[in-house]
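Taking it in order: structure first as structure tokens, then the write-up.
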Amino acid sequence: MTINIDQLKQILDLFQDHGLSEFELENDGLRIRLRKDARGGPIAPDSVPPPQPLSAAAGAAAGGGERGASGFPPAAAGRDEADVGLVVVASPIVGTFYRSPEPGAPSFVEPGSTVRKGDVLCIIEAMKLMNEIDSEYDGEVVSVFVESGQPVQYGERLFAIRIK
């Protein structure tokens, strides 16, 4: 299958007009894949955003205020001792966020919970698949930014962890 520039422009217009964050078309060996990150810009395919440093003030804002180039609030200029070692766990995929393994079950983690590298933090359901999101750090969960059952975008903040 071949595609001309007018057909490609039509696909791009539909993608933008409907506010889609991801679109894929495959037909007769031709594959077109369009993706936008949470800020609306292009992202590298199949990459996971690195953990981002977070100040206590930015963590409390949970999505409010000015955002830096990474899409996360910029770190405060005068961080105190309590802010050192705080990282943000971002969503590696688009899907539905769940704090527990099933409805009515206790959450995997709560603010104040101690986690070890490899511990399950949450589940993100994408295309009927349940994807466990594991901690990459030993530390303490400081904040949970998303409510269970809410949709999440690629790169969206899920947790803040103070590394130990």
Legend entry - Considering all heavy atoms, the nearest S100-A105 contact: CB-O, 3.3 Å
Legend entry - Pairwise side-chain contact, I161 with V89, heavy-atom cut-off 4.5 Å (strictly under): yes
Legend entry - Where V94 and Q153 come nearest, the two heavy atoms and their spacing: CG2-OE1, 4.0 Å
Inset, instruction - Could you grab the distance from atom OG of S143 to atom CG of L86, nearest 0.5 Å is fine? - result: 7.5 Å
Inset, instruction - Kindly indicate whether the side chain of P151, heavy atoms from C-beta on, has any atom under 4.5 Å from the side chain of F97. - result: no
Legend entry - Euclidean distance, R162 CZ relative to E140 CD, rounded to 0.5 Å: 6.0 Å
Inset, instruction - With the side chain counted from C-beta on, respond yes when L121 and F108 share a heavy-atom pair under 4.5 Å apart, and no when they do not. - result: no
Inset, instruction - Decide yes or no on side chain to side chain contact (heavy atoms under 4.5 Å, CB included) for N131 and E125, but give the supporting numbers first. - result: CA-CA 6 Å; N131 301 281; E125 178 185 5; over 6 Å; no
Inset, instruction - To the nearest 0.5 angstrom, please state how far the OH atom of Y98 sits from the CD atom of E147. - result: 13.5 Å
Legend entry - Nearest heavy-atom neighbours spanning V115 and S135: CG2-OG, 3.8 Å
Inset, instruction - For residues P106 and P101, report the shortest heavy-atom separation together with the two atoms involved. - result: O-CD, 3.7 Å
Legend entry - Side-chain heavy-atom pair D119, D134 within 4.5 angstrom cut-off: no
Legend entry - Nearest heavy-atom neighbours spanning V146 and E156: CG2-OE2, 4.0 Å
Legend entry - Euclidean distance, Y137 OH relative to I163 CD1, rounded to 0.5 Å: 5.5 Å
Legend entry - Value rounded to 0.5 Å, distance of CD1 in I124 from CD in E132: 11.5 Å
Inset, instruction - For the pair S91 (side chain) and I93 (backbone), establish whether a donor and an acceptor sit closer than 3.5 Å, ignoring hydrogens and angles. - result: yes
Inset, instruction - If a pair satisfies salt bridge (charged side-chain N to carboxylate O under 4.0 Å, His left out) and one of its residues is in residues 94-118, list it, with sequence neighbours excluded. - result: R99-E110
Legend entry - Sub-4.5 Å side-chain heavy-atom contact between L158 and V152: yes
Legend entry - Residue pair V142 / P111, side-chain heavy-atom distance below 4.5 Å: no
